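Encoded as structure tokens, the structure appears first; notes follow it.
Just so we're clear, the structure is a prediction, and the values are computed from it rather than from any experiment. Values below: all heavy atoms of this structure, side chains included; hydrogens, waters and symmetry mates excluded.
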Amino acid sequence: MFTGLKCTEDKFPAEALQKAGYRTLIWGQKTYNGVALLSKVDPQHPWKGWPEGESSDEARIIAADFGGVEVLCVYVPNGQAVGTDKFDFKMKWLGKLHETIHQRLKKNQAILICGDFNIAQSDLDVHDPQQWKDQCLFSDSEKKALNRLLELGLVDLYRATHPSEPGFTWWDYRSGAFPRNHGLRIDLILASSHLLDQVEDIYVDRNERKGEKPSDHAPVICVFKAAAFPSW
DNA sequence: ATGGTAGCAGAGCTA
């Protein structure tokens, strides 16, 4: 699962990935956004934008069914700052995501929603909750929107298995945030609750935030037991 | 105190 490709599909290394054995679902966009799903099994019923055919100008969500579990890759708008037009757009986008997930859970569809949520939910998810209080990524309205998603019946897989580890996934490029561990946990894997028992291992790979030209995010790696996807 | 860094694209916007 990838977000923030910042390129059109022709610039994404799909061929190399396919040679390495991955199926690729890509929704690219010039300069901004962009999402992709890689898999070792065939995706079924893929869609992007919004599921009922509603179009979207921004490449922020791509999904497909993999062996009976629908996987949604999301790049939630950053929101820039509380009170801006971009923040309003973020809140509206989260409303649509809520409705989309609600429809799927109503049909008992097993789902996994992973990506950059651009929201830190609790004090444990933030290096300095006082500094971040009421700021974009940590405002009450954003936290409430994320809580509404979870209340539909989803589990935050990392937090459920690591109740006291911060598990930061993002550190600003500025001010030496990574070496100081001034991070936030904003990249999440939310799942239908029955999938929690199927988690073999889940962790943040901090090594991806090191080295030459790293992303400002580190990936959350989740390994499921084979029983989670019986048809694979 | 409104900085600071990075990517894309080729200046300024977004994060």
Side-chain angles (χ1 to χ4, degrees), chain A residues 1-14 16-17 24 26-38 48-49 55-62 72-97 113-121 125-143 145-146 149 158 166-190 204-220:
Chain A
M1 184 285 309
F2 294 91
T3 68
L5 306 183
K6 293 185 171 185
C7 67
T8 48
E9 283 154 48
D10 54 305
K11 301 225 169 65
F12 189 82
L17 289 161
T24 56
I26 306 153
W27 187 16
Q29 181 181 333
K30 189 181 176 186
T31 312
Y32 303 115
N33 310 318
V35 284
L37 279 171
L38 308 189
K48 59 191 182 180
S55 65
S56 169
D57 294 335
E58 303 198 355
R60 294 186 176 278
I61 185 165
I62 193 164
L72 283 69
C73 168
V74 302
Y75 182 34
V76 176
N78 171 282
Q80 198 168 66
V82 177
T84 62
D85 289 348
K86 288 191 168 54
F87 191 85
D88 293 341
F89 176 72
K90 177 181 197 172
M91 298 309 296
K92 288 198 180 84
W93 198 93
L94 286 164
K96 283 190 185 182
L97 182 64
I113 307 142
C114 40
D116 180 359
F117 282 76
N118 271 317
I119 304 171
Q121 195 200 9
D125 299 323
V126 178
H127 68 92
D128 185 345
Q130 273 309 308
Q131 182 196 316
W132 279 90
K133 185 175 160 56
D134 299 327
Q135 299 298 304
C136 186
L137 309 185
F138 197 55
S139 71
D140 289 343
S141 50
E142 291 163 281
K143 291 184 218 174
L146 181 52
L149 283 184
Y158 184 87
F168 299 149
T169 65
W170 174 82
W171 300 261
D172 201 309
Y173 284 123
R174 298 167 288 191
S175 313
F178 183 63
R180 296 174 185 201
N181 201 25
H182 288 181
L184 269 63
R185 191 176 73 96
I186 56 177
D187 300 278
L188 309 175
I189 302 174
L190 311 184
V204 179
D205 186 1
R206 294 173 55 93
N207 288 324
E208 292 286 343
R209 186 60 177 78
K210 304 171 185 171
E212 293 268 313
K213 288 189 168 291
S215 164
D216 46 354
H217 295 255
V220 184

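As a whole-Å value, the separation of D85(A) CG from dC13(B) P is 14 Å. Here dA6(B) presents its C1' atom at 20 Å from NZ of K210(A), a figure rounded to the nearest Å. The interatomic distance linking H217(A) (NE2) with dT14(B) (P) rounds to 17 Å, in whole Å. The CD-C1' distance, from Q80(A) to dT2(B), rounds to 14 Å in whole Å. In this structure, the CG atom of D116(A) is 17 Å from the P atom of dT14(B), given to the nearest Å. Atom C1' of nucleotide dA6(B) and atom CH2 of W170(A) are separated by 12 Å, given to the nearest angstrom. We find that CG of L5(A) is positioned 21 Å from P of dA6(B), with the value rounded to whole Å. What separates CD of E212(A) from C1' of dG7(B) is a distance of 16 Å, to the nearest Å.
When the nucleotides dC8(B), dA15(B), dA6(B) are ranked by their closest atom to the side chain of Y75(A), dA15(B) comes out on top. Listed nucleotides: dA15(B), dA9(B), dC13(B). Nearest to the side chain of K30(A): dA9(B). Residue N78(A) has its side chain nearest to dA15(B) when only dA15(B), dT5(B), dC8(B) are considered. Among the nucleotides dA15(B), dC8(B), dC13(B), the one closest to any side-chain atom of Y32(A) is dC13(B). You'll find that the side chain of K6(A) is closest to dC8(B), out of dA15(B), dA6(B), dC8(B).
In this structure, R60(A) contributes its side chain and Y75(A) its backbone to a donor-acceptor pair below 3.5 Å. Between the side chain of R209(A) and the backbone N or O of F178(A) there is no donor-acceptor pair closer than 3.5 Å.
Between K213(A) and dA6(B) there is no side-chain polar atom (N or O) within less than 4.0 angstrom of OP1 or OP2.
One finds the NZ atom of K86(A) at 9.5 Å from the CG atom of N78(A) (value rounded to the nearest 0.5 Å). Between the CD1 atom in I186(A) and the CG atom in D125(A) there is a gap of 10.5 Å [rounded to 0.5 Å].
Look at the P atom in both dA6(B) and dT2(B): the space between them is 22 Å, to the nearest Å. Across the C1' atoms, dA1(B) and dA11(B) are found 27 Å apart, a figure rounded to whole Å. Between dT5(B) and dA9(B), the two P atoms lie 22 Å apart (nearest whole Å).
Cation-pi check for K133(A) over F138(A) is not met; the charged atom does not lie both under 6.0 angstrom from the ring centroid and within 45 degrees of its normal.
Each of P77(A) and R174(A) has a nearest nucleotide on DNA chain B; the 5'-most of these lies closest to R174(A). In terms of position on DNA chain B, the residue among D216(A) and S175(A) whose nearest nucleotide sits closer to the 5' end is S175(A).
When heavy atoms are screened at a 4.0 angstrom cut-off, F178(A) is found touching no nucleic acid atom at all.
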